[in-house]
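Quick caveat: nothing in here was measured; it's all calculated off a predicted structure. Below, chains carry the letters A, B, ... as their sequence lines are ordered, and counting in each starts from 1.
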Amino acid sequence: MIRCRRIKESELELIMQWRMSEEITRCMNSDPVLTIEGQKAWLKQIESDSVNRTWMIEVDGIPAGIMTIFDVDTVHRRCGWGYYIGERSVRSLKLALSLEWNLYRYLFEERLYNSVTADVLAFNTEVIALHKMCGCREVGVLKQHIWKRGRFHDTVLMQICADEWRAKSSSVSFDSISFEEYL
Amino acid sequence: MREQIYAVVAEILGVDRSEITDSFGTTSELWDSLAHIRIVAECESRCGVTIPFDRIVAIETVADLIAVVEGNQ
């Protein structure tokens, strides 16, 4: 069973290790140097945030990765999102598709959002392909948008709207994943 | 064809060709979602085929991959 639930303080060390690992950080916009004190402050900020959400992805009881929605705009009903899987043993195309489709189902069908965007470093062509498989369009390229490891990188902006999700969702099937609400 | 696909899988996963068998597949930690997409794209390019989405998702082993590529030629 897969679910997205609140992060526990006891998981902060694990999350810190994931986020600073080369295999995760090489495809992220930043290469942070994290501390457990900083992680505790980050968790407090997550728990007090009334609009943006960050969840632990749990697969068969194992903490597996982090999913986040950010830049939530409740007027225009849109947000950005991203995730990573830190637990290598559960990584698969099926999990990736299931997570992305479930996030769209949750945002468009439960939360009634209208637009969801993702930005991906242009060299990360597999993730761009993955988003397209899930129904996203490539909006365009933000040239030299991210400074990382001594040079600027292009970013590909991707989007899916509620009407596009409705069309896509009728052609795919997937088991439902729950998203725990923060109080 | 079979040898070509074995070579693609070994190259992308960074393992020795001798480790690749028909039953090798997604149960390996190396064969994650991004490797899956890279393997399919490389097989499409080298073998001149286009694999439908539902078949891409269904691939779990090298044997499945070979069957899908051969079936779409």
Quiz prompt | Approximate separation, where rounding is to 0.5 Å, of A:L93 CG and B:D32 CG | solution = 9.5 Å
Exercise. Working to the nearest 0.5 Å, report the span between NZ of A:K94 and OG of B:S33.
Key: 13.0 Å
Quiz prompt | Nearest non-hydrogen partners of B:I37 and A:M133, listed with the distance | solution = CG1-CE, 4.1 Å
When hydrophobic residues are tied together by side-chain contacts of less than 4.5 Å, even through go-betweens, does [X] share a cluster with [Y]?
X      : Y      : answer
A:W42  : A:M16  : no
A:I24  : B:W31  : yes
A:V127 : B:V40  : no
A:I128 : A:I85  : no
A:Y84  : A:W101 : yes

Quiz item: Going through the checks in order, is the side-chain contact (heavy atoms from CB on, under 4.5 Å) test met by B:L30 and A:R88?
Solution: CA-CA 8 Å; B:L30 297 171; A:R88 298 181 78 180; 4.2 Å; yes
Quiz item: When only heavy atoms count and the cut-off is under 4.5 Å, which of residues 54-67 of chain B reach chain A?
Solution: B:I56, B:V57, B:E60
Is [X] in contact with chain B via its backbone, its side chain, both, or neither, using a 4.5 Å heavy-atom distance?
X     : value
A:S89 : both
A:V90 : neither
A:L95 : neither

